[in-house]
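For reference, the structure is listed below as C-alpha cells.
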There are 2 protein chains.
Amino acid sequence: MVTIKDVAREAGVSVATVSRALNGSASVTAQTRRRIAGVAARLRYVPHGAARSLVTRRTQTVGALLPDLFGEFFSELIRGVDVAARARGLQLLVSSSHGDAFEAATALRAMQGRVDGLLIMSPHVDAGFLREHLAPSVPAVLMNTSVSGKHYATLNIDNYGGAHAMTRHLLDRGYRDIAFITGPADNFDAAERLRGFRAAAKSARTQLLRGDFSEESGYRVGKQLVAAKQRPQAVFAANDMMAIGCLFALIEAGLRVPQDIALAGFDDIPIARYVNPPLTTVRVSIAALGQGALEQLVARIDAPDAPPRARTLDCEIVSRASSGLAAGPYQSLHQRPKSRKHHSSGEIS
Amino acid sequence: MVTIKDVAREAGVSVATVSRALNGSASVTAQTRRRIAGVAARLRYVPHGAARSLVTRRTQTVGALLPDLFGEFFSELIRGVDVAARARGLQLLVSSSHGDAFEAATALRAMQGRVDGLLIMSPHVDAGFLREHLAPSVPAVLMNTSVSGKHYATLNIDNYGGAHAMTRHLLDRGYRDIAFITGPADNFDAAERLRGFRAAAKSARTQLLRGDFSEESGYRVGKQLVAAKQRPQAVFAANDMMAIGCLFALIEAGLRVPQDIALAGFDDIPIARYVNPPLTTVRVSIAALGQGALEQLVARIDAPDAPPRARTLDCEIVSRASSGLAAGPYQSLHQRPKSRKHHSSGEIS
DNA sequence: TTTTCATATGAAAACGTTTACATTCGGCCG
DNA sequence: CGGCCGAATGTAAACGTTTTCATATGAAAA
C-alpha cells in the first residue's frame, strides 16, 4: 500500500506539504502542488480513509438503519437517500435490523465511530432503546417513528392525513360501507393510518380486518370477504401489498373491481399501476422521504446544538380504476401524473 | 466521546487489558474481564471503528458499486448482498455510478481505504478502467461484466443460456416468427442475450427491434408492432421492463396476449407476475447473484493470492400466461414456484 | 529455600493522516 | 545594511486502537 510518506519521499517534501497540497487548503506554491499531484497520480496514491477519519473526526459517511431491504419501498428510500448523499459527497452505509431488536442494537453499535450521522427507521426503536444504544454525540434522524420530536429529529409521513383523505375520497365516490385492512399491531404507520380512517369514516358503516402489511395477509382477508354473506362496498388496505393480495383473491373469486367492490391502498409502490385494474392509493414520495431525512441529518451534523426538528411529509391521493375511475391513457413509471394534494400539514415544530 | 482510556482508568487497568478483555482473545482473568465489561457497559463505551481499522487493516466493511439504485433489480441485489454480509458481520457501503464513468471513478476512489473489498457492477468498468482506478491490493468481484475472469474474480448471469432456452421454449410452443427487442448497444448482458436468441432462433423467422432496457422503449416497440403490416407471432424482450412496456402498447391497441401475439421477458422482476397476463420470463435469482458475489469476495479477501474465479449463474424459464400457459393458481411473491431449469453451465474456471 | 515457568498485566510502538507550532528564507522597510 | 515580516515548508504531536515485548506475580519444581 502506498502512503502519504511514499509520496512525500518521492516528491522530496514533507508529509505535511503533501497533505496540504492534496487537500488544496493552505499555502503551497503552485509549482510544488503540481509536482506533488503528479507524483501522487503516478503512484496511484489514495488517502487511507480510516487514518483520515481518526484525526479529522469526520467519516464522510452516513449510516442508514432500516427494518429490511426487501421490496420497493426500501429500494426507493435508499435511492432517495443516495441521491441526496452523493450531492454532498457522502458515502452511504446501509444495514437492516431484520425485525429483531437485538440485531438493531448490534447494527447501531457497529456503525458508531464509522459514520457522521445515522438515519434510523425501525419499529423496535423507541426512546428507551435509543437512550440505551445510541451515543448522544451521534447525530440521528428518526423516520416513521412514534418517538417524540422533542429530543430527536424526526421525519414522518402524514399517515393520518393520507388515510383520512383517502377515506373521504371513497366516501365522495359514494361508498358508504367500507372495510379497512389493518397493518401490524405494533407498527406506528399502521396505527396512524387506522386512526385517520376512523376519524374520517365516522358517518359510514365500517369494519376492521386484521392484516400485517404482507401480501399474503391481504389475500387471506380477500378470501374472507368473498366468503362473507354481506360484503362491503369498498376496501381500504393500510398498504399496497395487502391491497394487491386482496385484489387477487377477489379476482380469483370472479368478482369485478370496482363494480362489485372498490379497492384502495397506501404507498403507491410501482406495482400499483401495473395491476389490473390499476390501484387507487395514497402516494407518499418515498424517495423524497429519504432525501428529506438525509438533508435533515446533514443539518444536524453541521449544527448539533440546534433544537431538533420534527417534520411531516404530505401525501396525495392517486385515483385509479380500482376505485371507479375509467382507465386512463398509458403512463409509464417515469411519467407520474400529479394528482390533487390533500390538505397540507407541513412543518410542525 | 468515551474512549478505551476512560474505561481503563475507571477499571483501574491499562488500555491493553481493556482491549484484550473486550476482544475476548488473550489471557485475562475472568474477574477482571467481568469488571471491565461492567465498566464498559456503564460508560456506554463503543470502540472507535476508524482507529481500530487503522491498526488492524480491516474495516469489516465491503463496498458495492452499482450503476444505479433504481428499480427492483438493484433492490433485490442489495438485499442478497446484505443477507450474506450480515451473516459474516460485515457492513455494507453502497454507491451508485449513475451512468457516468467519472462518477464511477470518484466513488471507487472514495471507497478505497474504507472497505476490505469491492463488489463492482457497472457498464463503464472495463479492464482499462480498473487498471487505472482500482488499487491491485483491493480485492474485488466484478458482476455482469465483459472483463475477463483471467485477472479478476467475476460473477455473471448465464445470459446466453437463458436467452437460448427461452427462445427454444417459444419455438417449442409453436411460435415460428419471433421478434427480439434488444437492450442498449454497449451493454454486456444485452449483447449476450441477443447472442443466445440468435443462436437458438436460426431456424425461425426473426426480426430485431431496438430497445434500451427502459419501459418506454418497449412501449415504443409495441406501438411499432401494432402498426406493422405483418406481426410476429411472439415477442421476446431482452428484459422485463421492455416486455411490460410492449405489453401495455399491445393491450391498448386491443390485441390479446398471447392469442394474437405471445410475449416473454428476462429477469423475472417482481412486477412480472402481477401484470395481466402474467409475464413469461427468464428468472435470474438476483438475490442469489448478490449473495454469491459477496461470498466470492469474502473468499478473495481471505485468500488474496488464490487465482480468481469466474463463475456463471444459471437461469430458469418461468412459463406464465403471456406465452400461452393457462392461468395457474394464485401465487404470492414469496411462494415462488420452481420451474424447470435449462441446461446448466455452472463453473467455468 | 531458591529456581523456573506460566500467566496476567503494563508500557510503548505502530497504523496513516492532519494540523499546531517551529523554522527557514527571501524581500522589504527603516 | 540589518532587522522584521510573511510565505513556504518542516517537525512532531495527536487521534483511538491493537499488539509486541517486557515485567511482575505467584505457583510448582528442585
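Naming convention: chains lettered A, B, ... in sequence-line order (proteins, then strands); numbering from 1 in each chain.
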Checklist entry - Does A:S19 make a side-chain N or O approach to OP1 or OP2 of C:dT18 shorter than 4.0 Å? => result yes
Checklist entry - Does any pair with a residue in residues 6-17 of chain A pass salt bridge (charged side-chain N to carboxylate O under 4.0 Å, His left out), and if so which ones, sequence neighbours excluded? => result A:D6-A:R9, A:E10-A:R42
Checklist outcome for this item: Quick note, salt bridge (charged side-chain N to carboxylate O under 4.0 Å, His left out) partners involving residues 132-150 of chain B, not counting sequence neighbours, are A:R44-B:E132
Next on the checklist: Tell me every residue that passes ring-ring contact (aromatic ring centres under 6.0 Å, His included) with A:F129, counting only those two or more places apart in sequence or in another chain.
Outcome noted: A:H133
Next on the checklist: Counting only heavy atoms and a strict 4.0 angstrom limit, can you tell me which residues of residues 4-14 of chain B come near DNA chain C?
Outcome noted: B:G12, B:V13, B:S14
Item to check | Phosphate OP1/OP2 of D:dT9 contacted by A:T29 side-chain N/O (<4.0 Å) | outcome: yes
Filtered N/O pairs between nucleotides 23-27 of chain D and protein, under 3.5 Å:
none

Give every pair of a protein N or O atom and an N or O atom of nucleotides 20-26 of chain C that lie under 3.5 Å apart, one pair per line with the distance.
none

Checklist entry - Taking only N and O in the side chain of A:T32, is any of them less than 4.0 Å away from OP1 or OP2 of D:dT9? => result yes
Next on the checklist: For residues 286-306 of chain B, which residue pairs pass the side chain to side chain donor-acceptor pair (under 3.5 Å) check, not counting sequence neighbours?
Outcome noted: none
Checklist entry - Rounded to whole angstrom units, what separation is found between the CD1 atom of A:I36 and the C1' atom of D:dG10? => result 12 Å
Checklist entry - Taking only residues at least two apart or on different chains, which pairs with a member in residues 85-103 of chain B satisfy salt bridge (charged side-chain N to carboxylate O under 4.0 Å, His left out)? => result A:R86-B:E103, A:E103-B:R86, B:D82-B:R86
Next on the checklist: Let me test you: for the helix from C:dT1-D:dA30 to C:dG30-D:dC1, what is the angle between the axes at its two ends (five pairs each), rounded to 10 degrees?
Outcome noted: 60°
Next on the checklist: Just the rounded figure in Å: distance from P of C:dG16 to CE of A:M1.
Outcome noted: 6 Å
Item to check | Interatomic distance where CG belongs to B:N23 and P belongs to D:dT19 [whole Å] | outcome: 7 Å
Checklist entry - So which of residues 41-59 of chain B are in contact with DNA chain C, with a heavy-atom cut-off of under 4.0 Å? => result B:L54, B:V55, B:R57
Checklist outcome for this item: Quick note, salt bridge (charged side-chain N to carboxylate O under 4.0 Å, His left out) partners involving residues 113-126 of chain B, not counting sequence neighbours, are none
Next on the checklist: Test of understanding: with side-chain hydrogen bond (donor to acceptor under 3.5 Å, both in side chains), list the residues that count as partners of A:N159, not counting sequence neighbours.
Outcome noted: A:D189, A:R193
